[in-house]
Amino acid sequence: MQQSEELSGGIDAGSQPLDELMQKIADHKGCGSSGGGGKSSCGSSAGQGDLAPEIWEKVKNHPCYSEEAHHHYARMHVAVAPACNIQCNYCNRKYDCANESRPGVVSEKLTPEQAAKKVLAVASTIPQMTVLGIAGPGDPLANPEKTFKTFQLISETAPDIKLCLSTNGLALPDHVDTIKAFNVDHVTITINMVDPDIGAEIYPWVFFNHKRYTGRDAAKILTERQLQGLEMLTERGILCKVNSVMIPGVNDAHLVEVNKAVKSRGAFLHNIMPLISAPEHGTVFGLNGQRGPTAQELKALQDSCEGEMNMMRHCRQCRADAVGLLGEDRSAEFTTEKIMTMDVKYDSETRKAYQQKVEQERQATVAAKNLELATLAGERSDIKILIAVATKGGGRINEHFGHAKEFQVYEVGTDGAKFVGHRRVDLYCQGGYGEEDSIETIIRALNDCTAVFVAKIGHCPKDSLAEAGIEPVDRYALEYIEQSAISYYKEYLDRVRDGEVTHVARGDADIRQGAFISA
């Protein structure tokens, strides 16, 4: 908390120079005051030239709706909505849990007033925090009074922060007009099926109109209400993202139909996520042995849906009290006890100035990537490779291999570099020493990758990766990710043509199920 207090104090006093403030915050990420991000032609990777101006304004600094933005901007969730009106076989809500990172889990439940002060404290400490989301730990619209009271308090005190909510959709049609009235212009709906027979395998019950429904009847009510709510939101110009949990053998093939259904009703983005089903989480699916998808199974499904509509691939399946950039969680710095003792003075001008500098660096990153991409003009090859990247954020290769808790994965071909996912891993370095047992889990997580980009790597993990056929690369340390990936790919093609290396299809990889964030 020491660094957060220093930053908060500087902002509150209004005396800390902006450059100094930026450097302090950047130092927390280990990457100086620079950042970056890419721009592709579609999906959550879309950039300013790919979207209508009114859509770009909504997504440009929303880390969940824009893959490019997620390298630069932070979000936070506040846990003001404990009750839920449905039961999912993949969900087990935990209200006092600090060691798991998955939806439905929180360390503390908050009142709207506590949440409002926490938002101001976080936004003053993390000026790139642009979005407040309410995502549970239950369902925000099963707790409408607490949810909308929180939105009211934030809109009155910090109107520059985007408001966002995630819902299962059962109560959504009843609250669309209120959502619109509070200027909540981003809504995520979890839709796992449009066929009640499949839904009956996912949802044991729903509670609707003061009555509990089970089986197919429950799923039929839920899917009808979800699709109705989606239509109502898009008719009012509210941007909608649809989350779907991929459950092998249950709804994996069916999600193509879900994709078509939500596209036809105006959804902006579809996020297909892997099932988290570790037995220790205590979910129905976890306890009955239902497996989650492999990395390549998930990617194949996402690829098959991408031709229909925009796909999100950078989701981290966040806790309901997550704070920070996607892929990090700083919620422990902002406990209720600490927040209540802070004297928070919200400085919107400093936040605005900081974000303007972020945008300048972001545009420089895009320009560098496009310049590198131009060197691929005329190249024709069917070869595509996956590259894993150790990064702390900012769109740069700025993380030591041994300190990485996740790797971002890019697919690279003659069309350029595209973000396709991330892999959580066990931390290799423990107290300055390499944990040899964890290297095997890391290799399994990166097994489909040709190379791994790192800022630095020790000899032992370097040798282990090479033995597994994964090339460790540290020569691009601190450089932009996509620009470096394209440069590496060009060299790789040359080496293949010269016979220095033989291109082979890599195997499949594991998606980590545990998702623990502390010992």
Under the criterion salt bridge (Lys or Arg N to Asp or Glu O under 4.0 Å), I'd like the reasoning laid out for R444 against E440: C-alpha separation, chi angles, the key distance, then a yes or no. CA-CA 6 Å; R444 288 198 299 271; E440 295 302 321; 5.2 Å; no

Using salt bridge (Lys or Arg N to Asp or Glu O under 4.0 Å), reason through K118 and E108 one step at a time and then give a plain yes or no. CA-CA 12 Å; K118 181 174 181 178; E108 301 175 308; 5.3 Å; no

Apply side chain to side chain contact (heavy atoms under 4.5 Å, CB included) to residues L170 and D139 and explain how you reach the verdict. CA-CA 9 Å; L170 181 62; D139 188 86; over 6 Å; no

Salt bridge (Lys or Arg N to Asp or Glu O under 4.0 Å) between E306 and K418, worked out: CA-CA 13 Å; E306 192 166 50; K418 178 174 74 171; 3.1 Å; yes

Going through the distances and angles, do T190 and N168 end up as a side-chain hydrogen bond (donor to acceptor under 3.5 Å, both in side chains)? CA-CA 5 Å; T190 298; N168 59 49; over 6 Å; no

Apply side-chain hydrogen bond (donor to acceptor under 3.5 Å, both in side chains) to the pair Q355 and E359, showing each step before the final yes or no. CA-CA 6 Å; Q355 292 171 24; E359 282 300 310; over 6 Å; no

Please report the C-alpha distance between H254 and V194 in whole Å, then the side-chain angles of each, then the deciding distance to 0.1 Å, and finally whether the side chain to side chain contact (heavy atoms under 4.5 Å, CB included) criterion is met. CA-CA 8 Å; H254 177 61; V194 290; 3.5 Å; yes

Check step by step if side chain to side chain contact (heavy atoms under 4.5 Å, CB included) holds for V131 and Y65. CA-CA 11 Å; V131 175; Y65 280 70; over 6 Å; no

Check against salt bridge (Lys or Arg N to Asp or Glu O under 4.0 Å), D303 and R313: CA-CA 10 Å; D303 288 347; R313 301 185 190 238; 2.7 Å; yes

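Rounding to the nearest 0.5 Å places CD1 of I154 at 11.0 Å from NZ of K149. Here N243 contributes atom CG and L269 contributes atom CG; the two are 9.0 Å apart, rounded to the nearest 0.5 Å.
The main-chain N or O of K162 is never found under 3.5 Å from a side-chain atom of D185 such that the two would form a donor-acceptor pair. Side chain of R423 to backbone of A445: a donor-acceptor contact under 3.5 angstrom is found. With hydrogens and angles disregarded, a donor-acceptor distance shorter than 3.5 Å links the side chain of T234 to the backbone of E231. With hydrogens and angles ignored, the 3.5 Å screen pairs a side-chain donor or acceptor of T147 with a backbone N or O of N143. No donor-acceptor distance shorter than 3.5 angstrom exists from the side chain of H270 to the backbone of Q302, with no hydrogens or angles considered. The closest donor-acceptor contact from the side chain of D252 to the backbone of G249 lies under 3.5 Å. Judged by distance alone, the side chain of D508 and the main-chain N or O of Q296 form a donor-acceptor pair under 3.5 Å. Looking at R424, its side chain never comes within 3.5 Å of a backbone N or O of K405 through a donor-acceptor pair. The backbone N or O of F207 lies less than 3.5 Å from no partner atom in the side chain of R212, so there is not a single donor-acceptor pair. The main-chain N or O of F285 is never found under 3.5 Å from a side-chain atom of S277 such that the two would form a donor-acceptor pair.
Salt bridge D160/K352: absent, no basic N to carboxylate O contact under 4.0 Å. Using a 4.0 Å cut-off between a side-chain N of Lys or Arg and a carboxylate O of Asp or Glu, K117 and E113 do not qualify as a salt bridge. Ionic pairing of D177 and R236 is present here: one or more N-O contacts between side-chain nitrogen and carboxylate oxygen are shorter than 4.0 angstrom. Using a cutoff of 4.0 Å between basic side-chain nitrogens and carboxylate oxygens, E297 and R291 are scored as salt-bridged.
The side chain to side chain contact (heavy atoms under 4.5 Å, CB included) test with N192 is passed by exactly one of V242, N251, I198, V258: N251.
Taking the six-membered ring where tryptophan is involved, the planes of H70 and F419 are perpendicular, since the angle between them exceeds 60° and thus also 30°. Using cut-offs of 30° and 60° on the angle between ring planes, the pair Y90 and Y203 is perpendicular. Under the 30°/60° scheme for interplanar angles, the aromatic rings of H62 and H186 are found to be tilted.
Between G292 and P248, the closest heavy-atom pair is C-CG, 3.7 Å. Minimum interatomic distance between M76 and M129 (heavy atoms only, all atoms of both residues): SD-CE, 3.6 Å. Nearest heavy atom pair, residue K60 against residue A69, reads O-CB, 3.3 Å.
The number of heavy-atom neighbours closer than 6.0 Å to CD of E54, taken from other residues, nucleotides and ligands shown, is above 12. Within a 6.0 Å radius of CG in D382, other residues, nucleotides and ligands contribute 12 heavy atoms or fewer.
For T130 and N61, the side-chain atoms include no donor-acceptor pair closer than 3.5 Å.
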